[in-house]
Enquirer: 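Below you will find the structure I want to go over with you.
Whatever order the structure lists ligands and atoms in, that order sets their numbers, starting from 1. Residue numbers start at 1 and run along the sequence shown.
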Amino acid sequence: MSDPRRALPSVSALLESAGVRALLESAPRGVVVDAVRAVVSHARFDSTSAPIAESEWMSAIADRIRLAQQASLRPVLNATGIVLHTNLGRAPLAPDAIDAMTRIAAGYSNLEYDLDAGARGSRYTHCASLLRELTGAEDALVVNNCAAALVLALNTIAEGREAILSRGELVEIGGSFRVHEIIAKSGAVLREVGATNRTHLADYERAAGPRTGAILKVHRSNFAIEGFVADTPVRDLVPLAQRLGVPIVHDLGSGLLISLAELGLEGEPTAREAFAAGASVVVMSGDKLLGGPQAGIIIGSAALLAAMRANPLARSYRVDKLTLAALEATLTLYREPERAMREIPALALLGASLADLRSRATRIHDALTAAGAECEIVDSISTVGAGAFPGAELPSVAIALAGDAEHWARRLRAGTPAVIGRVRDDAFMLDVRAIAPADVDALITAVLDARD
Ligand SMILES: *Cc1c(COP(=O)(O)O)cnc(C)c1O
C-alpha cells in the first residue's frame with residue numbers, strides 16, 4: 001500500500017494556494033502560517049484523518065484560524081441551574097449597569113475629580129451615598145472584592161491584635177479563600193473560640209481581653225449545620241464588644257439588599273439587618289445576591305471607614321471605574337425594589353415562577369423536537385450558588401437530551417457560545433433556571449449545532 005503521507009502538500013505550497021491567500025484577507029499572516037503548519041503536521045502525525053480534497057484542507061485551516069482567533073474570555077450559556085455560578089462569572093449585569101459601564105469606558109470621567117470644587121476628588125465617593133441610603137450605615141467604601149474588604153477591615157482594625165472567631169465559622173469559601181488564612185494575611189491574630197457546632201457568648205467572654213482587636217462573625221455561606229447547634233448572633237455580642245471597646249466585623253458574603261423571603265429564600269440577613277444588629281463593619285460581595293459587578297463593599301461607622309481609606313492597603317485593593325459605574329447603576333435599581341427584582345438578572349432568574357420556567361422549557365423542547373432532536377422536559381432542582389442560601393433548593397425545569405451525555409457535554413462546551421449543563425442519571429440536562437428568556441434562541445441554536 002502506498003504511504004498516504006507522500007501525498008501531503010507542503011506548507012509553502014498551501015500558503016501559495018488561492019484558498020489560503022483568501023484566508024489571509026481576514027486573519028494576520030502569522031496566525032494563518034501557524035494554522036497551515038499545525039494542519040500539515042497533524043496530517044503527518046495522523047495520516048488516516050488527513051484532509052484529501054483541497055476544500056478539506058481549507059476548512060481544516062479555517063477551523064484552526066478560528067480557534068486561534070477566538071477570545072479566551074467569552075460568553076457561555078449557563079444551563080447548570082446554579083444562578084450565581086462562580087466559575088461562570090457569577091452575576092450577569094442589568095442593562096442599566098451595562099449602559100453605565102459603556103458610557104464610562106468610552107471616555108473620561110470624574111472618577112477622582114470633584115466637579116463642584118474643580119479640584120481633585122476621591123473615587124470612593126461614588127457609591128457611598130447610595131450604599132448609606134440602602135443599608136442605613138454611616139459610611140461605605142467599595143474595593144475590589146469581598147476578600148479584599150475583609151483583609152482591609154481586619155488589617156485596619158486589628159493588626160497585631162486578636163480577632164475572636166467561632167470555630168463554627170472557620171470556613172473555606174472556594175479553594176482560594178479560607179478564613180484563617182485571610183486573617184493571618186491581614187496581620188490580625190486568630191483567636192478561635194467554641195466548638196464547630198456550638199459557640200456561646202461565654203466562649204467569647206473567656207477569650208476577650210487586652211489583646212482583643214476585633215470580634216469577627218463570618219456568615220456560613222456555603223453550608224448549613226443542623227442538629228445540636230448553637231450560635232451567638234451579632235446582637236448578643238454587642239455588649240461584650242462595647243465593654244472591650246472593640247469593633248464587631250461581620251463578613252456577610254452575599255450582599256443581599258432586599259429580602260427574598262417571598263421566593264422562599266429565608267435565613268440570609270440583608271445588609272441593612274446585619275448592620276442594624278450592631279456590627280461596626282459589614283463586608284460583602286458585589287457580584288453575589290446583590291447582582292452587580294465583582295466588588296467588595298464595606299459599610300460601617302464613619303471613623304472606621306476613614307481609617308480604612310487611609311490604609312495603604314486600600315490602594316492595592318482599589319476598585320476600577322467600570323466596576324463603580326456598574327455598581328452605582330445596580331444600586332440605583334434598588335431604590336425601587338420591584339424594579340430591582342425585574343431588572344437585575346440574578347434576582348429575575350431567582351424570581352422566575354415554575355410556570356415561567358415550564359414555558360421557557362416548552363419553547364426549547366418544541367424547537368428541538370421540531371428540528372429532530374430527541375429530548376424531554378423533566379423536573380429539576382436549581383440552587384442560588386456563590387454560597388448564598390446554601391440549603392435552599394429551588395424547583396426548576398430541565399431539558400434532558402437523548403443520547404450519550406458525555407458526548408453532548410463535550411460538543412456543547414466546544415460550541416459558540418459554549419453551553420454548560422449537567423449530567424444526571426446518565427442524561428445530559430439543560431436546566432432553564434439560569435437561561436434568561438433572551439438567551440432561549442441562542443440555546444436552541446447551540447444544541448442543534450452541537451448535533452453534527
Ligand atoms: C463569597 C464570600 C467571600 C468572598 O467574596 P469575594 O467577593 O469572592 O472575594 C467572603 N466571605 C463570605 C462569607 C463569602 O460568602
Enquirer: Does one side chain, of Asp431 or Ser382, offer a donor that lies under 3.5 Å from an acceptor on the other?
Expert: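 No, because no side-chain N or O of Asp431 sits under 3.5 Å from a partner of the opposite role on Ser382.
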Enquirer: For the residue pair Asp287 and Asn145, establish whether any side-chain heavy-atom pair is separated by less than 4.5 Å.
Expert: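 No, their side chains stay 4.5 Å or more apart.
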Enquirer: Would you say Ser254 and Glu268 are linked by a side-chain donor-acceptor pair, where the criterion is simply a distance under 3.5 Å?
Expert: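 Distance-only check passes for Glu268 and Ser254.
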Enquirer: Does CZ belonging to Arg451 count more than 12 external heavy atoms closer than 6.0 Å?
Expert: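 More than 12 within 6.0 Å, yes.
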Enquirer: Do Leu331 and Leu257 come close enough that some side-chain heavy atom pair is under 4.5 Å?
Expert: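 Sidechains of Leu257 and Leu331: in contact.
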Enquirer: So if I only count non-hydrogen atoms and take anything under 4.0 Å from ligand 1, which residues does that give, chain by chain?
Expert: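 Within 4.0 Å of ligand 1, the protein residues are Arg90, Asn145, Cys146, Ala147, Ile173, Phe177, His219, Ser221, Asp251, Gly253, Ser285, Lys288.
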Enquirer: Examine the side chains of Ser380 and Arg422 and answer whether a donor and an acceptor come within less than 3.5 Å of each other.
Expert: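 Yes, Arg422 and Ser380 have a side-chain donor paired with an acceptor closer than 3.5 Å.
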